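Below is one structure, written out as structure tokens; comments come after it.
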Protein chains: 2
Amino acid sequence: MISALHQFKAEFFKALGHPVRLAILDALRQGEQSVSRLAEELGLEQPSVSQQLAVLRQRGLVIARKEGTTVHYRIADPQVYVFLDLGRAIFERHLKSQSNQLSALQEGLSRS
Amino acid sequence: MISALHQFKAEFFKALGHPVRLAILDALRQGEQSVSRLAEELGLEQPSVSQQLAVLRQRGLVIARKEGTTVHYRIADPQVYVFLDLGRAIFERHLKSQSNQLSALQEGLSRS
DNA sequence: TGATTATATTCAGAATATCTTATATTGCAA
DNA sequence: TTGCAATATAAGATATTCTGAATATAATCA
């Protein structure tokens, strides 16, 4: 059975399934950052950053703090970094095993 | 800067960002399962299950083992479950804090 | 060989997501 | 008030993903 929980969890993972959003979260490891600073740091247009921040905000992953005309964003739950780092570890093992399989395959091919 | 690593990691998260794929991974906690068994268990058509298994396979998340006409799938790396469970914990805290905010908001509204 | 079972792939259409550019909003300062 | 800076939102074009139906492949068995 596909539970409603799977639906919600999928939304959560989807929020992380975008390179710019991952880059934003990584940039926020240093602490709170304004939109323009993030845009500069990541080499992106302001609207792109703002849009992806909106996605992260809607999913409750980041929190906005307004100060004059500038808006500072920070991570909502630092546990997310534990999670991302674990994901990275798993992901890197995958890469390694895939490249092993690839080189084994290449050896096999070159031998035949 | 958006690194190539962010691209790859986003692909990994995207693979998890689908309710059926999460349900399949959960079903595989019990161990290896055939496609037809998964389809029955999840109440889905065989082609749907096969399609989502293909996505998980391409991303290296599951491994297929053929036996006669049936194909058995298993998780490639059990660490993924640690990861999913951590995601679940974070996600549930989010839900809770969001529902707290929601009820606070509702109280505020009903008082005014 | 022909029939059957299990799985995989393909395809068209619908729904979503993304990107770029333009515009709106907000707060502040001259 | 006017102008400016920072951010958000909107609109449109394009790309990606999903879904469901049909079909293909592959192994087994009569």
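Hydrogens, waters and symmetry mates play no part in the numbers below; they use all other heavy atoms, side chains included. Source: prediction; values computed, not measured. Just so we're on the same page: letters track the sequence lines, and every chain starts at 1.
- C:dA17 atom C1' lies 16 Å from atom CG of A:L16, rounded to whole Å.
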For residues 13-22 of chain A, please give each side-chain donor-acceptor pair under 3.5 Å, one per line with the distance, not counting sequence neighbours.
| from | atom 1 | to | atom 2 | distance (Å) |
| --- | --- | --- | --- | --- |
| A:K14 | NZ | A:E11 | OE2 | 3.4 |
| A:H18 | ND1 | A:V20 | N | 3.1 |
| A:R21 | NE | A:A15 | O | 2.7 |
| A:R21 | NH1 | A:Q52 | OE1 | 2.7 |
| A:R21 | NH2 | A:K14 | O | 3.1 |

Every protein N/O within reach of nucleotides 20-29 of chain D N/O, cut-off under 3.5 Å:
| from | atom 1 | to | atom 2 | distance (Å) |
| --- | --- | --- | --- | --- |
| D:dG20 | O6 | B:Q51 | NE2 | 2.8 |

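- Note on B:Y73: a side-chain N or O is less than 4.0 Å away from OP1 or OP2 of C:dA8.
- At distances below 3.5 Å, not a single donor-acceptor pair connects side-chain atoms of B:Y73 with backbone N or O atoms of B:R57.
- Between B:L56 atom CG and C:dA8 atom C1' the separation is 15 Å, expressed in whole Å.
- Distance from the side chain of A:S34 is smallest to D:dT7 among D:dT7, C:dT7, C:dT9.
- Salt bridge A:D26/A:R29: present, at least one basic N to carboxylate O contact under 4.0 Å.
- Atom CD1 in B:I24 sits roughly 13 Å away from atom P in C:dT7 (whole-Å rounding).
- Nucleotide C:dT18 holds its C1' atom 14 Å from the CD atom of A:Q58, rounded to whole Å.
- Residue A:V49 comes nearest to A:A39 through the heavy atom pair CG2-CA, 3.7 Å, listed as atom of the first residue, atom of the second, then distance.
- A:H18 places its NE2 atom 11 Å from the P atom of D:dT17, with the value rounded to the nearest Å.
- Computed from coordinates, the A:F13 CZ to D:dT17 C1' distance equals 19 Å when rounded to whole Å.
- Between B:R57 and C:dT7 there is no side-chain polar atom (N or O) within less than 4.0 angstrom of OP1 or OP2.
- Other residues, nucleotides and ligands contribute more than 12 heavy atoms inside 6.0 Å of the CZ atom of B:F83.
- Of the candidate nucleotides D:dC18, D:dT7, D:dT17, D:dT7 has the atom lying nearest to any side-chain atom of A:S50.
- Counting non-hydrogen atoms under 4.0 angstrom, A:R37 reaches nothing in the nucleic acid.
- Distance CD (A:Q7) to C1' (D:dT19): 14 Å, rounded to an integer number of Å.
- Results of the side-chain contact (heavy atoms from CB on, under 4.5 Å) test with B:V62 over B:V80, B:L56, B:V55 single out B:L56 as the only residue that passes.
- More than 12 heavy atoms of other residues, nucleotides or ligands sit less than 6.0 Å from atom CD of A:Q79.
- Between B:L53 and A:V20, it is B:L53 whose nearest contact on DNA chain C lies nearer the 5' terminus.
- Comparing the local axis fitted to the first five base pairs of the helix from C:dT1-D:dA30 to C:dA30-D:dT1 with the one fitted to its last five gives a bend of 0°, rounded to 10°.
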